[in-house]
Amino acid sequence: MTVLHGALVALRPAVPDDVPALAAIRATPEVRARWRGGDDLEAEVAADLRDTGTRCLTVEHHGRIIGMIQWYAEEEPDYRHAGIDLFLDPAVHGGGLGTDAVRTLARHLVDVHGHHRLVIDPAADNAAAIRCYAKVGFRPVGIMRRYERGADGSWHDGLLMDLLADEVVR
C-alpha cells in the first residue's frame, strides 16, 4: 500500500521503527484510558503491527508521528465490510486531524478496496470520537451494551456506527 494523503495528514504503513513513538502515544493517560495495555506497550504495538488480520497505518502531520489508524476487512461475501479504529496524540486533539485521517482511510476503503459499508465502534461515552466519526458520515446504529471491559474490570457500553459508501463526506 502506498501513502495516503489527506488534507492535513498522511497515512503510511506502520513499520517497526514507528513502535517507540506509537507506544509513547498509547502511554498517554487519555489514550491509555481507551486503548489500555499492559506494562510493555512497545511489545503490544509491535504485535499489532505483525497481526496479519489488521492493517496498521501510522498517521503523520508535518512529518511527525501523531498516531495510528488501523483497519480490518470481513471478506465473507454475504457480510463483506471493513472496520476502522484510531488513536491520536492528545496534543493534537481538536484540530481536525482525526477527522481527516478517518475520512482519508474511508475513501481508500471505498474507492480502492470496494467496500460498500464501514464500521467503527467508539465507547458510548467518547463524545469527541463520536463527533469526529459523524463528520466523516458515520451514523449511530445502536448501543452495544456492556461491550468492553474497562481497566477497572467493569463493563462499558460501545456505540456501533456505520457508513455506507455513498455517505462518505468527501
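Positions are given from 1 along the sequence. The analysis underlying the following values was restricted to heavy atoms, covering all of them including side chains, and did not include hydrogens, waters or symmetry mates.
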Please check this pair: side chain of Glu60 against backbone of Val9, looking for a donor-acceptor N/O pair closer than 3.5 Å.
no
Interatomic distance, CG@Leu11 vs SG@Cys56, rounded to 0.5 Å, equals 12.5 Å
Just by modelled atom types, is the Val92 backbone N or O under 3.5 Å from a matching donor or acceptor in the Asp89 side chain?
no
How far apart are the closest heavy atoms of Glu74 and Tyr79, and which atoms are they?
CG-O, 3.6 Å
Do Leu105 and Leu8 share a hydrophobic cluster, counting only Ile, Leu, Val, Met, Phe, Trp and Tyr and linking them when any side-chain heavy atoms are less than 4.5 Å apart?
yes
Regarding Arg80 and Glu75, does a basic nitrogen lie under 4.0 Å from an acidic carboxylate oxygen?
yes
Hey, quick one: are Ile69 and Val168 part of the same hydrophobic cluster, counting side-chain heavy atoms closer than 4.5 Å, chains of contacts allowed?
yes
If hydrophobic clusters are built by linking Ile, Leu, Val, Met, Phe, Trp and Tyr wherever their side-chain heavy atoms come under 4.5 Å apart, do Val59 and Val19 end up in the same one?
no
How far does CG of Asp85 sit from CD of Gln70, to the nearest 0.5 angstrom?
5.5 Å
Distance, nearest 0.5 Å, that separates OH of Tyr133 from CG of Leu163
13.0 Å
Between Ala101 and Leu86, what is the shortest heavy-atom contact and its length?
CB-CD1, 4.4 Å
Just verifying a value: how many Å separate Asp18 CG and Leu49 CG, rounded to the nearest 0.5 Å?
7.5 Å
Examine distances only and state if a side-chain atom of His93 and a backbone atom of Leu88 form a donor-acceptor pair shorter than 3.5 Å.
yes
With a 6.0 Å cut-off on the ring centroids, do His113 and His108 count as close?
yes
On a heavy-atom basis, which atom in Glu42 and which in Ala23 lie closest, and how many Å separate them?
CG-CB, 3.5 Å
Verdict with reasoning, Arg55 to Leu109, per side-chain contact (heavy atoms from CB on, under 4.5 Å):
CA-CA 12 Å; Arg55 285 106 172 168; Leu109 293 172; over 6 Å; no
Counting only N and O atoms by type, is there a donor-acceptor contact under 3.5 Å from the side chain of Thr28 to the main-chain atoms of Ile25?
yes
Same cluster or not: Ile120 versus Leu97, using hydrophobic residues (I, L, V, M, F, W, Y) connected whenever any side-chain heavy atoms lie under 4.5 Å apart?
yes
Residue pair Arg131 / Asn126, side-chain heavy-atom distance below 4.5 Å:
no
Verdict with supporting geometry, Asp111 and Arg170, salt bridge (Lys or Arg N to Asp or Glu O under 4.0 Å)
CA-CA 12 Å; Asp111 297 344; Arg170 294 187 179 267; 2.8 Å; yes
I want to check something: taking the side chain as every heavy atom from C-beta on, are Pro122 and Met161 in contact at a cut-off of under 4.5 Å?
yes
Within the structure provided, determine whether Val3 and His5 are in side-chain contact (heavy-atom separation under 4.5 Å).
yes
Heavy-atom closest contact (Glu44 atom, Gly37 atom, distance)
OE1-CA, 3.3 Å
With sequence neighbours excluded, residues passing salt bridge (Lys or Arg N to Asp or Glu O under 4.0 Å) with Asp121:
none
Looking at Leu41, is its backbone amide N or carbonyl O close enough to the side chain of Arg26 to form a donor-acceptor pair, meaning the two atoms are under 3.5 Å apart?
no
Straight-line distance of Met144 CE to Leu159 CG, nearest 0.5 Å
7.0 Å
Is the backbone of Val169 close enough, under 3.5 Å, to the side chain of Arg103 for a donor and an acceptor to pair up by distance?
yes
Does Asp157 use its side chain to pair, donor to acceptor, with the backbone of Arg146 at less than 3.5 Å?
yes
Pairs involving residues 29-41, ordered by first then second residue, that meet side-chain hydrogen bond (donor to acceptor under 3.5 Å, both in side chains) (sequence neighbours left out)
Arg34-Asp125
Where Phe138 and Leu118 come nearest, the two heavy atoms and their spacing:
CE2-O, 3.7 Å
Ile84, Val119: one ILVMFWY side-chain cluster at the under-4.5 Å cut-off?
no
Listed once per pair and sorted, the ring pair (Phe, Tyr, Trp, His ring centres under 6.0 Å) pairs that draw on residues 45-68, sequence neighbours left out:
none
In this structure, NZ of Lys135 is separated from OG1 of Thr99 (nearest 0.5 Å) by 4.5 Å
Which heavy atom of Phe87 sits nearest to which heavy atom of Val31, and what is that distance?
CB-CG1, 3.8 Å
